[in-house]
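Order of appearance sets the numbers: ligands from 1, and atoms from 1 within every ligand. All heavy atoms count here, side chains included; hydrogens, waters and symmetry mates do not.
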Amino acid sequence: MSALRVSRTHFPVTALGPGTRLGVWVQGCSLACKGCMSQDTWDPRGGVEVPAADLVALWREAVGRGADGLTVSGGEPLQQPDALREFLAGVHAERGDGDILVYTGYEESELDQKQRDAVEFADVLVTGRFDITRPTRLIWRGSANQRMVVRTDLGRRRYAEHLDHEPERAPIQVRADESGIWLIGTPRQGGLAGLERGLRASGLPVEGASWRLRSPGQSG
Ligand code: SF4
């Protein structure tokens, strides 16, 4: 059995894919995009190892609480292809109508066979490095070069209306836990400054927020 090194999980996620989702952020990424706002997920020795079966159990629990989709982000999921495949295969086997969305900093053309196998069960991929010089207003994408690749009928049913959608405001969730304040979503350029103003106005300390560890940017 494989274990996936994970940075964090969260339910409900409503800002990174349609519906109400389980979010899993993997730990470890060597792609080093300039401006990445998830540099705390870069270290492959960080986070915790979670057996794929335990993550499938987490998915099952989330479905019981109303989840209708899974989002895997990071970190770089495809730098752990064996464990990712096992996890996604387990979710796929009992997912019902729930879709699987995977973020990767790789382009499809860069994937080796093992990485292609790892995302066999993904309905949708968002591919490509975060490029801080190419801002976008497209929902759920961090920069204009990133592509939303829909691979299944379920993916087409759930994502077709979102492919070219540019919402007035990027959906963002702000969460606080023992590790500090952190974000779910793809903030637009300049969006973090406005968020910090709002947090300050609410009396919340922003100095320890996860994005303060790095330049404003985007998770892959
Ligand atoms: S944006 Fe994504 S792919 Fe790029 S360095 Fe950050 S975690 Fe890695």
Under 2.8 Å: N/O/S of Cys33 next to atom 4 (Fe) of ligand 1: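 Checking Cys33: at least one N, O or S atom is under 2.8 Å.
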Axial cation check for Trp59 ring with Arg95, 6.0 Å and 45° limits: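 That pair does not qualify as a cation-pi contact.
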Side chain proximity check, Leu31 to Gln79, heavy atoms < 4.5 angstrom: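 Yes, their side chains come closer than 4.5 Å.
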Distance (rounded to the nearest 0.5 Å) between Arg60 CZ and Leu55 CG: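 Rounded to the nearest 0.5 Å, the CZ-CG separation comes to 11.0 Å.
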Cys36 backbone or side-chain N/O/S under 2.8 Å from atom 6 (Fe) of ligand 1: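 Checking atom 6 (Fe) of ligand 1 against Cys36, an N, O or S atom does fall under 2.8 Å.
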Phe121: partners by ring-ring contact (aromatic ring centres under 6.0 Å, His included), with sequence neighbours left out: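 Listed in chain order: His92.
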Closest contact, heavy atoms only, Pro18 versus His162: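 The answer is CB-NE2, 4.0 Å.
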Under 4.0 Å to a heavy atom of Phe130 - the qualifying atoms of ligand 1, by number: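 So the answer, numbered in order with elements, is 1 (S).
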Element-labelled atoms of ligand 1 that are located less than 4.0 Å from some non-hydrogen atom of Cys29: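 Answer, ordered by atom number: 3 (S), 5 (S), 7 (S), 8 (Fe).
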Close approach, Ser38 and ligand 1, non-hydrogen under 4.0 angstrom: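 For ligand 1, residue contact (heavy atoms, under 4.0 Å) with Ser38 is absent.
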Proximity of Trp42 to ligand 1 by residue part, where a heavy atom lies under 4.0 Å: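 The side chain, only.
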